[in-house]
Amino acid sequence: MSAPTDAFIDNFVGGAQRTQEAVTSAVNDAVRTWTDTLTGFAGGQPTLPDAQVVVDRWFDVAQTVLDTQKAFAKSVVGAGTQAAEVVTEQATKAAETVRSQTETVVGQATKAADAVGEQAASTARAARNATAKKS
């Protein structure tokens, strides 16, 4: 594989792993918070969680997931952009090489055609001069 493709795959895999780790961590934190809240003992009875804490924690988890997904999407887009730039650069270099080689071939063909034309003209002059001497 090419370097841009390898970099793209590495970014994709790394982003997926970071997303999985962030989601796992956020969910574990949320469950731990909920569990701690529910298992607080007041006279042997679990207490009910504070609704505000539960809502805040839930949205913190959602925000962490979204932030991680956003970072991952940016890395994928960045890798795609980088790959497109590399391909464009390579295509431009290839086109320049083809243009240069075409100019060289055309120049050589022009020189060869000129040489053939000169040779033909020289031969025609020699034939005309030989005919003129015989007359």
Side-chain angles (χ1 to χ4, degrees):
M1 281 192 216
S2 68
T5 303
D6 291 343
F8 175 77
I9 290 171
D10 290 345
N11 282 339
F12 184 81
V13 170
Q17 288 171 337
R18 286 188 301 275
T19 299
Q20 182 179 358
E21 289 167 2
V23 169
T24 300
S25 175
V27 169
N28 285 339
D29 289 347
V31 168
R32 197 172 306 116
T33 299
W34 295 331
T35 302
D36 290 347
T37 301
L38 289 173
T39 58
F41 289 98
Q45 297 295 321
T47 59
L48 293 176
D50 179 6
Q52 297 295 324
V53 171
V54 172
V55 169
D56 285 343
R57 194 64 189 139
W58 175 252
F59 279 95
D60 288 345
V61 169
Q63 186 63 50
T64 301
V65 170
L66 287 174
D67 288 345
T68 304
Q69 289 174 340
K70 181 180 179 181
F72 175 70
K74 283 184 174 183
S75 71
V76 169
V77 168
T81 300
Q82 181 183 13
E85 288 171 357
V86 168
V87 168
T88 300
E89 182 181 328
Q90 289 173 348
T92 300
K93 286 180 181 177
E96 180 60 30
T97 301
V98 169
R99 185 192 63 76
S100 176
Q101 290 176 350
T102 301
E103 287 175 354
T104 301
V105 168
V106 167
Q108 290 172 346
T110 300
K111 286 179 184 176
D114 289 346
V116 168
E118 290 286 327
Q119 183 64 36
S122 177
T123 303
R125 278 192 301 273
R128 187 179 49 225
N129 288 340
T131 305
K133 285 184 183 179
K134 287 185 182 181
S135 307

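Position 1 is the first residue of the sequence; numbering continues from there. Note that the structure is a prediction, hence the values are computed from the model and not measured.
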Practice problem: Give every residue pair that meets the ring-ring contact (aromatic ring centres under 6.0 Å, His included) criterion with at least one member in residues 73-100, sequence neighbours excluded. | Solution: none
Quiz prompt | Selection residues 61-105 - residue pairs positive for ring-ring contact (aromatic ring centres under 6.0 Å, His included), sequence neighbours left out | solution = Phe12-Phe72
Practice problem: Could you name each residue pair satisfying salt bridge (Lys or Arg N to Asp or Glu O under 4.0 Å) that touches residues 75-90, not counting sequence neighbours? | Solution: Glu89-Lys93
Can you list, pair by pair, the side-chain donor-acceptor contacts under 3.5 Å of residues 105-123, counting residues two or more places apart and other chains?
| from | atom 1 | to | atom 2 | distance (Å) |
| --- | --- | --- | --- | --- |
| Thr110 | OG1 | Val106 | O | 2.8 |
| Thr123 | OG1 | Gln119 | O | 2.9 |

Self-check item: Pairs touching residues 77-110 that satisfy ring-ring contact (aromatic ring centres under 6.0 Å, His included), sequence neighbours left out
Solution: none
Quiz prompt | Contact list for residues 89-129, test ring-ring contact (aromatic ring centres under 6.0 Å, His included), sequence neighbours left out | solution = none
Quiz prompt | Residues in side-chain hydrogen bond (donor to acceptor under 3.5 Å, both in side chains) contact with Gln63, at least two apart in sequence or another chain | solution = Asp67
Exercise. Sequence neighbours left out, what passes side-chain hydrogen bond (donor to acceptor under 3.5 Å, both in side chains) with Arg99? Give chain and number order.
Key: Glu96, Glu103
